[in-house]
Structures are given as C-alpha cells and as structure tokens.
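Reading through the structure tokens given below for one structure.
Since this is a predicted model, take the numbers as computed values, not measurements.
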Amino acid sequence: MIIFKRSLCVLLLSLLAQGVGAVTFVADIDQSKWAVEASRFSCRLQQEIPSFGVASFFHEAGERAVFHLKPTQSNGLSGNVRLVAEASPWQPGTAPKVIGNIALKPNDKQIAVAADETGEMLVSLYRGMSPTFTITQWLGSAETVRVALSAANFQRSYDEFMACVEELLPVNYRQVARTAVLFPPAQWRLSDSTKERLELIALYMKTDPQVKSVYVDGHSDNAGRRLLNRDLSKQRAEEVTRFLIAQGIDEKAITTRYHGERYPVVANNSAANRARNRRVTIRLSRD
C-alpha cells in the first residue's frame with residue numbers, strides 16, 4: 001500500500017508538472033546539441049529549442065551564472081511561468097522537482113531565471129533531468145505551452161563550460177570602469193586593500209584590448225590650507241599612477257590629474273563625509 005501511494009504521488013506530481021494537453025517544445029535526442037562560447041570575459045552554454053527559440057546559461061566575469069529563455073517570437077510571453085525539473089525519457093519513476101515560479105511582466109522579451117534557480121537547473125541537467133517551463137499564456141491566448149531543455153549530450157558541454165568559468169577574469173568592465181579609492185587624513189600611501197583593487201584594474205586593462213586609456217584624478221577634503229590640499233591630491237594621484245605602471249600599464253595610456261578640494265562628492269561637514277572626499281578616482285575608457 002505504501003509503495004502504491006508513493007507511485008500515485010509521483011504520477012500526480014508528474015502530470016501536474018507536465019500540464020496535460022499542453023503544447024510541448026523540446027529537442028529530440030538526435031537534435032539535442034549544447035554549444036559553448038568561451039572568453040576571459042564571459043561563458044555561454046546554450047541549446048536551440050526547435051520551433052521555439054534559444055535556451056542560454058550565461059556566466060559573466062565577476063558575476064554568478066544566470067539563465068535566459070528567449071523565444072523567436074518576442075511577443076509570445078505573458079502570464080506566469082512554472083519551472084520544474086522533470087525526468088528525462090530514460091529516467092522512468094524519477095520524481096519531478098519544483099525549482100520556482102516566475103511572473104512575467106508585460107514587456108518581457110525573454111524568461112530570466114535568477115542565479116540560485118539557475119544553479120538548480122544546471123544540477124538537474126547534469127543529473128540527466130529536464131528543466132521544463134510551463135507558460136500559462138502563449139502568444140496572448142489562453143493556451144498553455146511547455147518548453148523543456150534536453151539533457152542529452154549535456155555533460156561534455158557542461159565540462160567545457162565549467163573550464164571556461166575557471167578562466168574568467170575576477171571582475172567585469174562595469175565593476176572596474178569607475179573606481180574610487182580612499183585615503184586617511186594627510187596620507188597618500190596606498191593601503192593593501194587599495195593595491196588589491198588597483199591590481200584588478202590593471203589585470204582587466206591588460207586583458208581587454210578595447211580599453212585604451214585610464215584617467216586618474218586626485219582629490220582631498222577641505223581640512224587645512226588649500227595649496228597643501230592640492231599638493232596632497234597630486235601625491236595621491238601620482239602614487240596610484242606609479243602603481244599602475246608597475247603593474248604593466250603603459251604610461252602613455254594614463255592621464256593623471258589633481259584637484260585638491262575643488263570637487264567634493266559630498267559636503268565637508270562631517271568626519272564621514274570628509275573621508276569620502278579624500279579619494280583618487282580611476283576611470284577606464286573604451287574605444
């Protein structure tokens with residue numbers, strides 16, 4: 001009796017997950033191909049789903065992997081989406097696992113899955129299961145549609161994808177394009193944390209050929225004499241520039257400027273605000 005009840009429960013969960021009578025898009029075993037695009041900046045693992053669109057895992061440098069399901073017809077999405085890891089045809093008796101629910105917005109052109117749920121999708125595929133999206137409104141109608149990822153031929157491409165992830169830079173362009181490093185009062189030497197940040201900036205610059213120049217601007221708070229503050233901001237900027245050059249950045253690519261107390265980011269009316277104004281900003285510029 002216990003075995004019968006468990007089997008019945010698995011069957012009911014399976015029917016619920018599959019959406020009986022729904023149109024289903026999935027690549028057959030012979031059609032199931034996973035392609036990897038690799039660089040130091042991002043890794044992509046994707047599968048074409050016949051007659052529907054493209055499923056894509058995307059891992060950008062400095063970020064966590066996310067997933068996008070993009071239909072060929074961009075206006076074909078609306079309503080709510082249920083994401084369930086279902087058993088593949090070669091896994092009879094395997095219970096489905098609910099991964100999550102996604103509420104689509106009116107202007108959404110694709111289904112976006114957050115990092116945690118993306119990780120669950122990758123694990124389920126590696127185990128041979130099929131992450132399946134059930135969309136309640138298809139092409140603006142009341143029709144339910146199911147879109148499934150095939151686990152056939154997945155593991156080899158997954159290994160290639162993970163090899164790419166291991167070679168990603170630790171940061172992406174957005175994370176280093178604009179940086180501010182702070183200094184204690186009357187100080188211009190670089191702290192260990194500032195050096196670590198500058199090392200990341202230099203590493204990115206040496207890897208991305210589109211970054212042609214970097215602007216280094218020194219600033220101070222308004223404590224003390226104005227001319228001394230100007231000299232202090234100059235020392236700070238030049239120290240950052242020297243460090244970048246030591247990391248292999250071409251001196252000709254660096255523009256170094258200093259402004260003293262002229263351009264505070266906040267009013268110099270508290271210790272916390274003055275700490276924010278004692279800074280050097282580093283800005284990368286792409287072609």
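The closest donor-acceptor contact from the side chain of Thr24 to the backbone of Arg146 lies at 3.5 Å or more, if one exists at all. Side-chain N or O atoms of Ser193 include none that pairs as donor or acceptor with a backbone N or O of Ser191 at under 3.5 Å. Without hydrogens or angle criteria, Gln175 side chain to Gly62 main chain gives a donor-acceptor distance under 3.5 Å. Using a distance-only test at 3.5 Å, with no hydrogens or angles considered, no donor-acceptor pair links the side chain of Glu167 to the main chain of Cys164. Of the possible polar contacts, none joining the Ser213 side chain to the Ala253 backbone as a donor-acceptor pair under 3.5 Å is found. Thr132 contributes no side-chain N or O that, together with a main-chain N or O of Val147, makes up a donor-acceptor pair within less than 3.5 Å. Distance alone, capped at 3.5 Å, is enough to place a donor-acceptor pair between the Ser88 side chain and the Gly128 backbone. At distances below 3.5 Å, not a single donor-acceptor pair connects side-chain atoms of Gln187 with backbone N or O atoms of Pro184. Judged purely by atom type and a 3.5 angstrom limit, Lys33 has no side-chain atom pairing as donor or acceptor with the backbone of Asp30.
With contacts defined as side-chain heavy-atom distances shorter than 4.5 Å, the pair Leu125/Phe57 qualifies. You'll find the side chain of Ser56 stays beyond 4.5 Å of the side chain of Lys70, heavy atoms only. By the 4.5 Å heavy-atom criterion applied to side chains, Lys97 and Val84 are not counted as neighbours. Annotation: side chain of Leu104 is in contact with side chain of Ile111 (closest heavy-atom distance under 4.5 Å). Two residues are said to be in side-chain contact when any heavy atoms from C-beta on lie closer than 4.5 Å; Thr179 and Val181 meet this criterion. Taking the side chain as every heavy atom from C-beta outward, Glu239 and Arg189 approach each other to under 4.5 Å. With contacts defined as side-chain heavy-atom distances shorter than 4.5 Å, the pair Phe58/Gln46 does not qualify. Within the 4.5 Å cutoff, the side chain of Leu83 has heavy atoms near those of the Pro131 side chain.
One distance of note links CZ of Arg44 with NE2 of His68; it measures 8.5 Å at 0.5 Å rounding. Separating the CH2 atom in Trp90 from the CD1 atom in Ile29 is a distance of 5.0 Å, to the nearest 0.5 Å. Taken to the nearest 0.5 Å, the CZ atom of Arg225 stands 10.0 Å off from the CG atom of Asp231. From Ser150, atom OG reaches atom CD of Glu48 across 13.5 Å, with rounding to the nearest 0.5 Å. Considering CE of Met162 and OG of Ser157, their distance stands at 13.5 Å, rounded to 0.5 Å. Distance check, rounded to the nearest 0.5 Å: CG of Leu122 to CZ of Arg127 gives 12.0 Å.
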Legend entry - side chain to side chain contact (heavy atoms under 4.5 Å, CB included) evaluation trace for Val216 with Leu244: CA-CA 10 Å; Val216 177; Leu244 291 175; 4.2 Å; yes

Inset, instruction - Could you give me the CA-CA distance, side-chain angles and deciding distance for Val54 and Ile49, then say whether side chain to side chain contact (heavy atoms under 4.5 Å, CB included) is met? - result: CA-CA 6 Å; Val54 177; Ile49 301 174; over 6 Å; no

Inset, instruction - Please lay out, stage by stage, how Glu160 and Arg156 fare under the test salt bridge (Lys or Arg N to Asp or Glu O under 4.0 Å). - result: CA-CA 7 Å; Glu160 185 181 346; Arg156 180 180 296 179; over 6 Å; no

Legend entry - Audit row: Arg276, Asp221, salt bridge (Lys or Arg N to Asp or Glu O under 4.0 Å) steps and yes/no: CA-CA 8 Å; Arg276 291 178 60 187; Asp221 60 22; over 6 Å; no

Inset, instruction - List the steps and the verdict of side chain to side chain contact (heavy atoms under 4.5 Å, CB included) for Val66 and Val113. - result: CA-CA 6 Å; Val66 293; Val113 179; over 6 Å; no

Inset, instruction - Give the C-alpha distance, both sets of side-chain angles, the deciding distance and a yes or no for side chain to side chain contact (heavy atoms under 4.5 Å, CB included) between Val23 and Phe52. - result: CA-CA 11 Å; Val23 176; Phe52 184 84; over 6 Å; no

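At most 12 non-hydrogen atoms from other residues, nucleotides or ligands lie less than 6.0 angstrom from CG of Asp192. A 6.0 Å sphere centred on CZ of Arg230 holds no more than 12 heavy atoms belonging to other residues, nucleotides or ligands. The local environment of CZ in Arg178 is sparse, with at most 12 non-hydrogen atoms from other residues, nucleotides or ligands closer than 6.0 Å. In Arg226, the CZ atom is not crowded: 12 or fewer heavy atoms of neighbouring residues, nucleotides or ligands sit closer than 6.0 Å.
Pairs passing the disulfide (SG to SG under 2.5 Å) check and including a residue from residues 209-257, sequence neighbours excluded, do not occur. Each ring-ring contact (aromatic ring centres under 6.0 Å, His included) pair with one or both residues in residues 178-201, not counting sequence neighbours, would appear here, but there are none.
Shortest non-hydrogen contact noted between Ser220 and Ser233 is N-CB, 4.2 Å. In plain terms, the two heavy atoms of Pro170 and Leu200 that are nearest each other are CG-CD2, 3.5 Å. Nearest approach of Ala95 to Met129, heavy atoms of both residues: O-CE, 3.6 Å. Listed here is the closest heavy atom pair of Gln110 and Pro71: CA-CD, 4.2 Å.
In this pair, Tyr158 and Phe161 present their aromatic rings tilted. The plane angle is within the 30 to 60° band. Aromatic ring orientation, Phe133 versus Phe67: parallel (interplanar angle below 30°, classes split at 30° and 60°). In this structure, His219 and Tyr263 have perpendicular ring planes: the angle between them is above 60°, well past the 30° mark. Ring geometry, Tyr126 versus Phe154: the interplanar angle exceeds 60°, so the pair is classed perpendicular (tilted spans 30 to 60°).
Aromatic pair Phe41/Tyr204: ring centres closer than 6.0 Å.
Residues Leu232 and Leu228 do not share a hydrophobic cluster, clusters being chains of Ile/Leu/Val/Met/Phe/Trp/Tyr side chains in contact below 4.5 Å. Side-chain heavy atoms closer than 4.5 Å link hydrophobic residues (I, L, V, M, F, W, Y) into clusters, and following such links, even through other members, never connects Val145 to Val26. Put simply, Tyr258 and Leu190 are part of two different groups of oily side chains (I, L, V, M, F, W, Y) that touch within less than 4.5 Å, one to the next. Hydrophobic clustering (ILVMFWY, side-chain heavy atoms < 4.5 Å, transitive): Leu168 and Tyr173 are in distinct clusters. Ile201 and Tyr215 fall into different hydrophobic clusters, where Ile, Leu, Val, Met, Phe, Trp and Tyr side chains are chained together by heavy-atom contacts under 4.5 Å.
Electrostatic pairing of Arg279 and Asp217 does not count as a salt bridge here, judged by no charged N lying under 4.0 Å from a carboxylate O. The pair Glu63-Arg174 meets the salt-bridge criterion, with a side-chain N (NZ, NE, NH1 or NH2) lying under 4.0 Å from an Asp/Glu carboxylate O. Between Asp208 and Arg286 there is a salt bridge, since a side-chain N of the basic residue sits under 4.0 Å from a carboxylate O of the acidic one.
Side chains of Thr241 and Thr256: a donor-acceptor N/O pair is present below 3.5 angstrom, by distance only. Checked by atom type, the side-chain pair Asn277/Asn268 shows a donor-acceptor distance below 3.5 Å. The closest side-chain donor-acceptor pair between Asn229 and Glu261 falls under 3.5 angstrom.
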